[in-house]
Amino acid sequence: MGFVSRGFSGRRRTGDDQRLPPGQYLETGFPVLSAGPTPFTKLETWDFQITGEIDEPKRWTWQEFTSLPRETVPADIHCVTKWSKLDTTWEGVSLDTLLDEVETSADYALAFSDGGYTTNLPLEDLRGGKAWVAWGYDGQPLVAEHGGPARLLVPHLYFWKSAKWVRGIQLLDHQELGFWETLGYHEYGDPWKEQRYAGD
């Protein structure tokens, strides 16, 4: 290829650009996107459950849940609507801590939330320091519009997989599609592969 002008090579990605998956743009705010009205759950009635393919179901009250070992999680988040927010900071409990409490042969999980929202994930994507249930954001309690009192945090996947207002996970021996997945979103949702919609 003897001569190629510089314009055909595209713009070199440096710094923050290299942290943006393909097709994403940098967002400095924190857009609020929801599939329905925002639920407001009183902490005295909130609980988190693990159900399904396990030896016996597990349940934690809010006080029990927030007394578990907590982690501070720095993460870049990527929305399927093409915005990315870098250097966010969350506080919560690792799914490793929760799943260590149960015996299961399941390969899949279905997260469920107040308001009826669900999303599906391979169980391996909730293990190995890759997923948390977060109740804090940027040093403050997580507000309801961003999924408080607690939301799933799975930052290596598109952000719809980080279910707002999460109340538990059902462990399954098969994949059961969640809310957006049944409406045509990709069953997995890897932002680096642009898996936005079924067939991507």
Side-chain angles (χ1 to χ4, degrees), residues 13-36 38-41 43 46 48 62 65-99 109 111-115 117-122 124-169 178-181 185-186 188-196:
R13 290 165 66 90
T14 59
D16 287 346
D17 282 354
Q18 294 182 342
R19 295 163 62 187
L20 292 178
Q24 298 291 110
Y25 68 88
L26 185 62
E27 172 63 64
T28 56
F30 198 161
V32 176
L33 302 171
S34 301
T38 299
F40 293 88
T41 304
L43 297 184
W46 186 95
F48 187 89
W62 179 258
F65 198 78
T66 54
S67 296
L68 293 170
R70 62 183 63 192
E71 298 180 14
T72 299
V73 184
D76 298 342
I77 56 177
H78 310 291
C79 184
V80 71
T81 61
K82 300 190 176 183
W83 60 262
S84 291
K85 185 172 178 62
L86 306 183
D87 299 314
T88 64
T89 303
W90 305 81
E91 185 175 19
V93 60
S94 170
L95 261 293
D96 291 314
T97 298
L98 302 177
L99 292 169
F112 55 90
S113 301
D114 284 329
Y117 182 81
T118 58
T119 191
N120 57 282
L121 305 105
E124 65 180 2
D125 285 275
L126 299 180
R127 296 187 185 274
K130 293 185 286 188
W132 298 262
V133 176
W135 60 76
Y137 173 74
D138 200 21
Q140 300 295 324
L142 184 62
V143 297
E145 66 180 3
H146 290 309
R151 77 176 296 157
L152 194 61
L153 178 65
V154 192
H156 67 284
L157 300 178
Y158 279 124
F159 209 43
W160 92 79
K161 294 291 189 177
S162 295
K164 292 182 175 182
W165 315 302
V166 71
R167 294 295 295 273
I169 57 172
F179 176 83
W180 283 117
E181 295 84 3
Y185 277 36
H186 198 279
Y188 185 63
D190 184 340
W192 294 96
K193 296 180 179 178
E194 293 194 83
Q195 292 176 336
R196 292 184 170 88

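Hydrogens, waters and symmetry mates are skipped; everything else that's a heavy atom, side chains included, is used.
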* **Sequence-distant partners of Asp76, salt bridge (Lys or Arg N to Asp or Glu O under 4.0 Å), two or more places apart** =>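 Salt bridge (Lys or Arg N to Asp or Glu O under 4.0 Å) check on Asp76 returns Arg19.
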* Asp125: partners by salt bridge (Lys or Arg N to Asp or Glu O under 4.0 Å), with sequence neighbours left out ->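 In terms of salt bridge (Lys or Arg N to Asp or Glu O under 4.0 Å), with neighbours along the sequence ignored, Asp125 is linked to no residue.
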Applying side-chain contact (heavy atoms from CB on, under 4.5 Å), can you list everything that pairs with [X], at least two apart in sequence or on another chain?
X: Lys161; result: Thr119, Asn120, Leu121, Leu157, Glu181
X: Thr72; result: Thr89
X: Leu43; result: Trp62, Pro149
X: Arg70; result: Thr66, Glu91, Trp135

* Asked: When rounded to the nearest 0.5 angstrom, what is the spacing between CG in Leu86 and CG in Leu20?
  ->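 Leu86 CG to Leu20 CG: 5.5 Å, rounded to 0.5 Å.
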* To do: Could I get the full list of ring-ring contact (aromatic ring centres under 6.0 Å, His included) partners for His186, not counting sequence neighbours?
  =>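 Not a single residue meets the ring-ring contact (aromatic ring centres under 6.0 Å, His included) criterion with His186.
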* To do: Name all residues meeting the ring-ring contact (aromatic ring centres under 6.0 Å, His included) criterion together with Tyr185; count only those two or more places apart in sequence or in a different chain, and write none if there are none.
  =>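 Counting only residues at least two positions away or on another chain, Tyr185 forms a ring-ring contact (aromatic ring centres under 6.0 Å, His included) with Trp160, Trp180, Tyr197.
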Please list, chain by chain and in numerical order, all residues satisfying side chain to side chain donor-acceptor pair (under 3.5 Å) with [X], sequence neighbours excluded.
X: Thr41; result: Asp114
X: Thr88; result: Trp90
X: Gln24; result: Ser84, Arg196

* Asked: Aromatic rings Trp192 and His78: how do their planes relate, parallel, tilted or perpendicular, breaks at 30° and 60°?
  ->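 Plane angle over 60°, so perpendicular.
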Distance-only, no hydrogens or angles: does the [X] side chain make a donor-acceptor pair with backbone N or O of [Y] under 3.5 Å?
X: Asp190; Y: Gln195; answer: no
X: Thr118; Y: Phe112; answer: no
X: Lys85; Y: Thr28; answer: yes

* Among pairs that include at least one residue of residues 134-151, which meet salt bridge (Lys or Arg N to Asp or Glu O under 4.0 Å), considering only residues two or more places apart or in two chains? ->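 Output for this query is empty, none listed.
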